[in-house]
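See structure below.
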Amino acid sequence: GAQQYLYGGTASSTAVLGGGVEYVSGGVASSTVLSSGGLEYVSGGIDSSAVISSGATEYVYGGVATSAAILSGGAQYVYAGVVSGSVLSGGTQYVSGGQVSGVQVSAGGDQVVSTTGTVSATVIFSGGLEQVVAGADTSGAFVSSGGVLAVSGTAYGATLYSGGSEQVVSGGLASGSLISGGTETVSSGGNASGATVYAGGTEQLLSGGSARGTLVSSGGVQALSGGVASGATLYNGGTQLLLSGTASGTLVSSGGNQL
């Protein structure tokens, strides 16, 4: 297939068809459209507003890639460099290095975070998924109704809105989650630390799951279904519901409920 090499200057609205390849090592590539079978390698320079269609792939080894639209069946692999503002409209982003921020994951989209790399401020909409595998971490995710943050690595400071879900499985840690109407579910081998639960939010501890230092306030619930909770604080309408499992060191202050 045809190949285009960009070392400097500006290339705008390039169409990379099946079998074609664009190499960006300098300059600016703007609004490249990758069709099925098309490839783009970014190792330097700036790649802006690429459209990655089904069957097409962008590899980021360095440089800056901003505002890519990754459609259903398309993929972006990030190994190094800076990536921001990607929109996963059914496509997949694989992160194993670099700095990634401000990704939007919509229905059918999937952000997979593994090994190294720094991921922050991912926004997960209905039908979207962020997976944080063992040894990886993410920070400041926003999970809206129907979105899912799946954690077997570490998630710092996620915000769960009504209908949003954070699922912490074996080996995973959710630290400092803000649960405002959403649900954090901690299953066997998973851990949660320092969550704040309010406004209809729920922290659910299943058998083998654990949480420490949870703060439960107005309208929030910490529900134990075989899990272990330590050092929870309940106040101003917050409730700890002990169906089964163990709760220790719970502080029940004004307006708190332990059932």
Mind jotting down which residue pairs meet the side chain to side chain donor-acceptor pair (under 3.5 Å) criterion with at least one end in residues 24-46? Sequence neighbours excluded, please.
E22-T32

Please, which pairs that meet side chain to side chain donor-acceptor pair (under 3.5 Å) have at least one residue in residues 218-244, sequence neighbours excluded?
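Applying side chain to side chain donor-acceptor pair (under 3.5 Å) to every pair that reaches into residues 218-244, excluding sequence neighbours, yields E203-Q222, T214-Q222, Q222-Q240, Q240-T250, Q240-Q258.
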
What verdict does the side chain to side chain contact (heavy atoms under 4.5 Å, CB included) test give for E130 and V119, after you've listed the backbone C-alpha separation in whole Å, the side-chain angles of each residue and the deciding distance to 0.1 Å?
CA-CA 11 Å; E130 181 182 12; V119 176; 3.8 Å; yes

Could you go through L215 and Y198, starting from their C-alpha distance and side-chain angles, then the distance that decides it, and tell me whether this counts as side chain to side chain contact (heavy atoms under 4.5 Å, CB included)?
CA-CA 9 Å; L215 179 66; Y198 70 104; over 6 Å; no

Given the rule that I, L, V, M, F, W and Y join up when any side-chain heavy atoms are under 4.5 Å apart, are [X] and [Y] in one cluster?
| X | Y | value |
| --- | --- | --- |
| V24 | V64 | no |
| V103 | V143 | no |
| V148 | V186 | no |
| Y5 | V21 | yes |
| L243 | V221 | yes |

How long is the span from the [atom1] atom in [X] to the [atom2] atom in [Y], to the nearest 0.5 Å?
| X | Y | atom1 | atom2 | result |
| --- | --- | --- | --- | --- |
| S145 | L160 | OG | CG | 11.5 Å |
| L259 | L241 | CG | CG | 6.0 Å |
| Q167 | S152 | CD | OG | 11.5 Å |
| L34 | I52 | CG | CD1 | 5.5 Å |
| L173 | T154 | CG | OG1 | 5.0 Å |
| S89 | L71 | OG | CG | 6.0 Å |

Donor-acceptor pair, side chain of [X] and main chain of [Y], under 3.5 angstrom:
| X | Y | result |
| --- | --- | --- |
| S144 | I124 | yes |
| S188 | L206 | no |
| T66 | G85 | no |

Pick one: which of V113, L88, D110 meets side-chain contact (heavy atoms from CB on, under 4.5 Å) with Q93?
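Exactly one option meets the side-chain contact (heavy atoms from CB on, under 4.5 Å) with Q93, and it is L88.
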
Looking at every heavy atom in both [X] and [Y], which two are closest together, and how far apart are they?
| X | Y | answer |
| --- | --- | --- |
| S106 | G90 | OG-N, 4.4 Å |
| N191 | S210 | OD1-OG, 2.6 Å |
| L149 | A141 | CD2-CB, 4.2 Å |
| A195 | I179 | CB-CD1, 4.2 Å |
| V133 | V112 | CG1-CG1, 4.5 Å |

Side-chain contact test, heavy atoms from C-beta onward, threshold under 4.5 Å: evaluate it for [X] versus [Y] and give yes or no.
| X | Y | answer |
| --- | --- | --- |
| S72 | S54 | no |
| E184 | T202 | no |
| Q76 | S86 | yes |
| Q4 | Y23 | no |

Side chains of T185 and E166, donor plus acceptor under 3.5 Å:
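On atom types as modelled, these side chains do not qualify, holding no pair under 3.5 Å.
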
Say whether T122 and Q111, considering side chains only, have a donor N or O and an acceptor N or O under 3.5 Å apart.
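Short answer, yes.
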
Which is it for L224 and Q204 under the side chain to side chain contact (heavy atoms under 4.5 Å, CB included) test, yes or no, and what are the steps along the way?
CA-CA 6 Å; L224 280 72; Q204 185 175 25; over 6 Å; no

Name all pairs fulfilling the ring-ring contact (aromatic ring centres under 6.0 Å, His included) condition that reach into residues 71-106, sequence neighbours left out, sorted by first residue then second.
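Passing the test, one end in residues 71-106: Y59-Y77, Y61-Y79, Y77-Y94.
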
